Amino acid sequence: MKIFHIATAADWAAAQASGSYTTSTIGRTLVEEGFIHASRADQWQGVRERFYADVTEPLVLLMIETDRLSSPVVEETVPDSTETFPHVYGPIEPAAVVRVLPLDRAVVGDESFSRLFLGEVARRIGLSVIALTTLLGACASTSP
């Protein structure tokens, strides 16, 4: 499953250098919060609007593959809401981050989640066609 986390570009660069991402949310660490805030695909844009609208430093959207995490992910209800959000109970390894998108104003309009999702679908279809073609070619070359 893929989950999303909004990070400052500086925090993400530090995580790549150290091998561990430990920022829970803007201005709060994993140690302070107890977990790292994350969102599902349908939630990250609302999180950005509510909590990151006034942030002036460069932001990036981390697309995280939960199967690559060593830390557990728990869906939890947040205070004053019935909506649940994924929380990562430990550091995020950079290897679990499968895509990083800059969230400057120019890119957000062009790189919407729909575009991101469709691009991922197209990439997977392309890889499937290549794999199938390779397999069929191998089968044809071994047939009598």
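The structure presented is a predicted model; accordingly, all values stated were derived computationally and were not measured. No hydrogens, no waters, no symmetry mates; every other heavy atom, side chains included, goes into these values.
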How far apart are the closest heavy atoms of Pro94 and Gly19, and which atoms are they?
CD-O, 3.2 Å
To the nearest 0.5 Å, how far apart are CZ in Arg28 and CD in Glu33?
4.5 Å
How far apart are the C-alpha atoms of Thr23 and Thr29, what are their side-chain angles, what is the distance that settles it, and do they pass the side-chain contact (heavy atoms from CB on, under 4.5 Å) test?
CA-CA 4 Å; Thr23 302; Thr29 67; 5.9 Å; no
For Leu30 and Pro91 the tightest heavy-atom approach is CD2-N, 3.5 Å
Derivation and outcome, side-chain contact (heavy atoms from CB on, under 4.5 Å), residues Ile3 and Val88
CA-CA 10 Å; Ile3 59 173; Val88 182; 3.8 Å; yes
dist Tyr21:OH -> Glu93:CD (nearest 0.5 Å) comes out at 13.5 Å
Centroid-centroid under 6.0 Å between His37 and His5 rings:
no
Do Trp44 and Leu69 share a hydrophobic cluster (ILVMFWY, side-chain heavy atoms under 4.5 Å, transitive)?
no
When you check the side-chain N and O atoms of Thr25 and Tyr52, is any donor under 3.5 Å from an acceptor?
yes
Closest contact, heavy atoms only, Met1 versus Glu65:
N-OE2, 2.9 Å
Of all heavy-atom pairs linking Val55 and Leu59, the shortest is CG1-CD2, 3.8 Å
Side-chain contact test, heavy atoms from C-beta onward, threshold under 4.5 Å: evaluate it for Ser39 versus Gln45 and give yes or no.
no
Could you check if a side-chain atom of Val98 sits within less than 4.5 angstrom of a side-chain atom of Lys2, using non-hydrogen atoms only?
yes
Could you tell me the separation between the CD1 atom of Ile92 and the OG atom of Ser20, rounded to the nearest 0.5 Å?
9.0 Å
Any chain of hydrophobic side-chain contacts (each under 4.5 Å) joining Leu62 to Ile26?
no
Apply side-chain contact (heavy atoms from CB on, under 4.5 Å) to residues Val60 and Arg99 and explain how you reach the verdict.
CA-CA 10 Å; Val60 292; Arg99 189 149 185 205; over 6 Å; no
Below 4.5 Å, heavy atoms only, C-beta onward: do Val47 and Phe85 meet side chain to side chain?
yes
Is the backbone N or O of Val97 less than 3.5 Å from a side-chain atom of Arg68, with the two atoms forming a donor-acceptor pair by type?
no
Please tell me if the side chains of Glu32 and Ser24 come closer than 4.5 Å, counting only heavy atoms from C-beta onward.
no
For the residue pair Thr84 / Glu75, report whether a side-chain donor-acceptor contact shorter than 3.5 Å exists.
yes
Separation of Ile36 CD1 from Tyr89 OH (nearest 0.5 Å):
11.5 Å
Rounding to 0.5 Å, atoms CZ (Arg48) and CZ (Phe4) come to a distance of 14.5 Å
Roughly how far, to the nearest 0.5 Å, is CG of Leu61 from CG of Leu103?
5.0 Å
